[in-house]
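The shown structure was predicted, so the numbers you read here are calculated from the model rather than taken from an experiment.
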Amino acid sequence: MEDMKPAPTTPAHPAAILAIILASYFMILLDNSVIFTALPSLQNDLQLSTGELTWVQDAYTLVFGGLLLLGARAGDLLGRRRVFVFGLVVFSLASLLIGLAPAGWWAIAGRAVQGIGAAIVAPASLSLLTASFPEGRERTRAVSLYGATAGIGASLGLVIGGALAHWISWRAGFFVNVPIGALMIALAPRFLPETGRARGRFDVLGALSATLGVGALVFGTIHTAEAGWDTAALAAVIAGVVLLIVFVLIERKAAQPIMPLTLFASRRRTGAYVARFLYLGAMIGFFFFTTQFMQEVLGFNPLQAGLGFLPMTAVNFAVAMSIPPLVRRMPGSVALLAGVLITLAGMFWLSRAGADSSYWTGVALPMVLIGAGQGFAFAPLTSFGIIGAPAADAGAASGLVNTFHQVGTCLGLGIAVAAAATVPAVGPATEQLAAQVSAALTTGSVLLFLSLVVTAALILPADLASRRTREPAAVPAPQGAHAR
């Protein structure tokens, strides 16, 4: 396979390129969380059962996670800007259809289509970023902002979703994507560089086995949380594992694999994928259950619940913006290790909240730690996931970053819901829900601890060794958050 056309050493319009990529990535992350604070309003409007309501969220993350590798490969073969714009069109149209949904099935189907668009946009956005900015200060700043967007988009989505659901309608959270998407579609061909088409073909068998394997595994986990380990759940999980094993075997022999296994030769990249999977698995439970805690236990309305996340969002943004200058003084792996540890401390503190807890001491203060931890963790996690990847595999590397992000989200939510379901249905409803939230967040703390272990065992030693041998670090030393 021929390599992509080389990116220019200096992008022609760096600010515009970065703004388009970050705004588009922010939009798809926003819809991953904007729905949470709006779920009660959506359920009442469309008369959804609890299972149907779960699938409004899961249909998006299931398709998103399952198709990410295929979306990344499409960008490599067809041209990343071309594929990026197509993904934005699909995502924006699906958002419009969801906002117009007359029934639950329509909303669920629209969310699945939205997931297709997101699976195309996410890997294309990261690979366009690495193709547009050369190694050094420019890429450092761009990747740091991209990583920060991952945490801030998820956090701010809860605030925006709650505000729109309270003041207008849950539908507004999807309608808002239409003008944003239209603007990005108009600007992308003007400013983003096209990487050109690569000679080759799609790894169809690899794409099918990966997509079906991830989809079956996620479906089985979600179904387990709803119905326990029945025959359908067990069959889905077994099928998912078998298909993923088949996928790896296919990739070992494929001439042009959808997921080059050489990407896992780097301990830093492998550690970043696994640590991201575990970290996001913990964070999705935090968002899902803390929203319920504020509304059902503390009595907040959707707007108040959204604003209740501001301590985390504000600290997240402040810390994320300080990462580039901080990394001048310490390795990126140290920042990542500190971020996961601080997040773990905040999550464990929050898991102790009960029915008699106050917002400020039981929720807000732990959120400050969680926001700080996210601010430290996301940029290095992103950088380590793509560092050192060959130019021809840039799309696959960015696809893996987002695949482990979304699959971690899907499986993490299922695990958290399953943990909450172990709480006996006794006592007042608020006390029962508080106990369920505690169980879910305690499980999230375990996932964060495992992420900490992976970071310490794989990423930290490899990063320190690379610095001693003068290999590129995950986040080179920039002049600051606003360095040109």
Side-chain angles (χ1 to χ4, degrees), residues 7 11-35 60-61 63-65 67-68 70-72 74-76 78-96 98-99 111 113-133 139 141-157 160-161 173-195 320 378-379 382 386 394-395 397-399 401-403 405-406:
H13 304 281
I17 291 171
L18 190 59
I20 292 167
I21 291 173
L22 294 185
S24 302
Y25 187 49
F26 179 81
M27 183 175 67
I28 64 174
L29 288 170
L30 198 68
D31 262 37
N32 219 354
S33 59
V34 73
I35 196 68
Y60 177 73
T61 52
V63 176
F64 192 173
L67 294 181
L68 268 166
L70 184 59
D76 286 342
L78 303 177
R80 291 166 193 156
R81 186 184 70 190
R82 187 178 295 110
V83 168
F84 178 77
V85 172
F86 177 74
L88 285 175
V89 171
V90 172
F91 189 90
S92 301
L93 289 176
S95 298
L96 177 63
I98 297 167
R111 288 286 278 170
V113 175
Q114 205 178 35
I116 296 174
I120 297 170
V121 172
S125 64
L126 184 54
S127 55
L128 276 169
L129 186 147
T130 56
S132 301
F133 294 91
R139 185 178 293 183
R141 175 174 175 262
V143 172
S144 294
L145 290 172
Y146 187 93
T149 301
I152 295 169
S155 303
L156 201 56
I160 294 173
F174 296 98
F175 284 141
V176 75
N177 290 331
V178 179
I180 297 174
L183 180 61
M184 296 304 105
I185 291 165
L187 293 177
R190 179 178 177 184
F191 293 105
L192 295 183
E194 181 54 274
T195 56
F378 270 114
T382 302
I386 61 176
S398 60
V401 168
N402 285 289
T403 295
H405 185 120
Q406 294 303 324

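With sequence neighbours left out, Phe174 forms a ring pair (Phe, Tyr, Trp, His ring centres under 6.0 Å) with no residue at all.
For the atom pair CZ (Phe84) and CD1 (Ile185), the distance works out to 9.5 Å, reported to the nearest 0.5 Å. Separating the CZ atom in Phe91 from the CG atom in Leu96 is a distance of 12.5 Å, to the nearest 0.5 Å. To the nearest 0.5 Å, the span separating CG on Leu145 from CD1 on Ile21 amounts to 11.0 Å. In this structure, the separation between CD1 on Ile180 and CZ on Phe175 is 14.0 Å, given to the nearest 0.5 Å. Interatomic distance, CG of Leu22 versus CG of Leu129, reported as 7.0 Å (0.5 Å rounding). How far CZ of Phe133 is from CG of Leu18: 5.0 Å, rounded to the nearest 0.5 Å.
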Quiz item: What's the verdict on side-chain contact (heavy atoms from CB on, under 4.5 Å) for Ile28 and Tyr60, showing C-alpha distance, side-chain angles and the deciding distance?
Solution: CA-CA 10 Å; Ile28 64 174; Tyr60 177 73; 3.9 Å; yes
Practice problem: Just do the side-chain contact (heavy atoms from CB on, under 4.5 Å) check on Ile160 and Val176 with the steps written out, would you? | Solution: CA-CA 10 Å; Ile160 294 173; Val176 75; 5.7 Å; no
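Closest of all the heavy-atom pairs between Gln114 and Ser95 is NE2-OG, 2.8 Å. In terms of heavy-atom proximity, Gly71 sits nearest to Val83 at O-CG1, 4.4 Å. The two residues Ser92 and Val178 make their nearest non-hydrogen contact at O-CG2, 3.9 Å. Here the closest non-hydrogen pair linking Ile20 and Leu192 is CG2-CD1, 4.0 Å.
Atom CZ of Phe191 has more than 12 heavy atoms from other residues, nucleotides or ligands within 6.0 Å.
With hydrogens and angles disregarded, a donor-acceptor distance shorter than 3.5 Å links the side chain of Arg81 to the backbone of Pro189.
At least one side-chain heavy atom of His405 sits under 4.5 Å from a side-chain heavy atom of Phe378.
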Name the atoms and distances for all side-chain donor-acceptor pairs under 3.5 Å in residues 118-126, with sequence neighbours left out.
{"unit_1": "Ser125", "atom_1": "OG", "unit_2": "Val121", "atom_2": "O", "d": "3.2"}
{"unit_1": "Ser125", "atom_1": "OG", "unit_2": "Ala122", "atom_2": "O", "d": "2.7"}
{"unit_1": "Ser125", "atom_1": "OG", "unit_2": "Tyr146", "atom_2": "OH", "d": "3.1"}

